[in-house]
Amino acid sequence: MKIHLRFFATLCNRFGTGEQEIEIEAPQEAREIFRSLFEDRNLADRMIRFVRFAVNCEYVSPETLVHDGDELAFIPPVSGG
Amino acid sequence: MKIHLRFFATLCNRFGTGEQEIEIEAPQEAREIFRSLFEDRNLADRMIRFVRFAVNCEYVSPETLVHDGDELAFIPPVSGG
Amino acid sequence: MIEVTEKPIEVEKVLQSVVTEKSGGFVHFIGSVRQEKGISGLDYECYPAMARSILVKIMNEAKQRWKVERMAIVHRYGWVAVGESSVVIAVAAEHRREAFAACEFVIEEIKKKAPIWKRERFSYVQNS
Amino acid sequence: MIEVTEKPIEVEKVLQSVVTEKSGGFVHFIGSVRQEKGISGLDYECYPAMARSILVKIMNEAKQRWKVERMAIVHRYGWVAVGESSVVIAVAAEHRREAFAACEFVIEEIKKKAPIWKRERFSYVQNS
C-alpha cells in the first residue's frame with residue numbers, strides 16, 4: 001500500500017523534503033506513520049504534540065487510519081493570514 | 001438676543017421650515033426655547049422625550065443655556081449610516 | 001479623512017487614503033442603499049456642519065480606545081441611488097482585532113449620533 | 001469566490017465580487033505585509049489544495065452561523081512584497097453586525113486552520 005506524505009514549514013526543513021512516498025502493509029494510524037519517521041521516539045512524541053494531521057486535504061484525528069493511495073500531510077502550527 | 005433655530009426631519013415637517021430666527025430677552029434653557037414653540041405644552045413635553053438638543057453643532061443637555069448668536073438645533077432620532 | 005458630502009463617494013479613494021506600508025490590517029465598512037420594494041434610492045437629510053463635527057469626535061474617540069493608525073469616514077447625503085454608498089469607513093491598524101473593533105464602533109456611533117436622516121417614504125406620498 | 005493564488009491579489013476585483021444591489025452592508029478585511037525591520041516582503045509557504053478546501057469549509061460555516069449574502073476569500077502565497085495583500089475577505093450582508101461577525105470569524109479561522117506558513121526569516125540566514 002502506497003501512502004503519499006507531505007511535509008511543510010519546520011517539518012519540511014526537518015526531513016529535507018516536502019514529499020515522500022512510503023509503503024505500508026496495512027492501514028495504519030496517522031500518528032504511527034509519523035512516529036515511524038523518527039529514530040528518536042521521544043523526539044517524535046514531543047513533535048506530535050504540535051503537529052496536526054490531514055488526510056486528503058482534511059484535518060483528521062491522530063488515530064485516523066490511513067489507507068492505500070491516501071495523501072497524509074503533517075501540519076505544523078500555521079501562520080497564514 | 002438673537003438665536004438661530006434649526007429643524008430637521010419630522011420637526012422640519014412639523015414647523016414647515018428648516019430654520020428660524022428668534023429673539024429672547026436673556027439666556028434661556030434649550031428645552032424652554034423648544035417648549036415655547038408649541039401652543040400645546042403637552043405635545044411639547046411628549047416631543048421633548050425624543051428630541052436631542054445641539055448648540056453650535058454639539059450635543060448639549062436640555063437644560064443648557066442658549067446665548068446670543070447661538071445656533072440651536074433640535075435633533076429628532078437620527079437614521080444615518 | 002473625514003467628509004460629509006452630497007457627491008457620490010469615491011469608495012476606492014477613501015479605502016486607499018488609509019493605506020501605508022506600516023499597517024498590516026485593514027477593515028472597511030461600506031453601507032449602500034439596497035434594492036427593496038422597487039425604490040430607486042433614498043434621500044438623506046443632513047445637518048452637514050454638525051455631522052462633520054460628530055464624525056471627527058467619533059474618530060477621535062475610536063483612536064483613543066483602540067490602537068489605530070489611520071482612519072477615514074465619509075458620509076453622503078442628498079439623493080443616493082440604489083447600489084450607491086451612503087457611508088464608507090476605512091480603518092488601518094497593526095492588529096486586526098483593533099481594526100474590527102474600531103470600525104464597528106464607528107458605524108454604531110454614526111447610527112446613534114450623526115445628524116443624518118433617511119427621509120421617510122411616506123412624506124413623498126403626502127406630497128404627491 | 002474562493003482563491004488560493006501565487007499571483008498578486010486584485011483587491012478591487014475581490015471586493016466587487018460580493019456587490020449586489022440586494023446587500024446594504026459590506027465588511028472587508030485586508031491583510032498586508034507591513035514594513036518592519038527593513039524586510040522587503042514575506043514568503044508564504046502553502047499547501048494549496050488543502051488551503052482551498054479549508055477556505056471553502058470556513059466560508060460555509062460562516063454562512064451557516066450568520067445571515068450573509070455573498071462572501072469572497074482570497075489568500076496569496078509565495079513571495080509577497082511589503083505593501084501587497086496576503087489575504088482579502090469581503091462579506092456582503094443585509095445587516096452590518098452579521099457582516100462584521102462573519103468577516104472577523106473568517107480571518108480568525110484562517111489564522112487557526114489554513115495550511116499556510118510565513119517562512120521564518122532565520123531560514124534565510126541559515127541558507128546564506
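All values derive from a computational prediction rather than experimental measurement. To find a chain, count down the sequence lines: A is the first, B the second, and so on, and within it residues start at 1.
More than 12 heavy atoms of other shown residues, nucleotides or ligands fall within 6.0 angstrom of atom CZ in B:Arg35. Atom CD of B:Glu63 is surrounded by more than 12 heavy atoms from other residues, nucleotides or ligands within 6.0 Å. Remark: C:Glu108 CD is packed, more than 12 non-hydrogen atoms of other residues, nucleotides or ligands lying under 6.0 Å away.
Within the 4.5 Å cutoff, side-chain heavy atoms of B:Glu58 are placed close to those of C:Lys57. No side-chain heavy atom of C:Met50 sits under 4.5 Å from any side-chain heavy atom of B:Asn56.
No side-chain donor-acceptor contact under 3.5 Å links C:His75 to the backbone of B:Gly80. One N or O on the side chain of C:Trp117 and one on the backbone of B:Pro76 form a donor-acceptor pair closer than 3.5 Å. A donor-acceptor pair is defined here as one N or O able to donate and one able to accept, closer than 3.5 Å; no such pair exists between the side chain of B:Tyr59 and the backbone of C:Ile54. Without hydrogens or angle criteria, C:Lys111 side chain to B:Gly81 main chain gives no donor-acceptor distance under 3.5 Å.
With a 4.5 angstrom heavy-atom cutoff, C:Ala114 touches chain B only via backbone atoms. For C:Ile89, no part sits under 4.5 Å from any heavy atom of chain B, backbone or side chain.
The two residues B:Phe7 and C:Glu45 make their nearest non-hydrogen contact at O-OE2, 4.4 Å. When all heavy atoms of C:Pro115 and B:Val78 are compared, the pair lying nearest together is CA-CG1, 3.8 Å.
Summarising the geometry, atom SG belonging to B:Cys57 is positioned 4.0 Å from atom OH belonging to C:Tyr47; distances are rounded to the nearest 0.5 Å.
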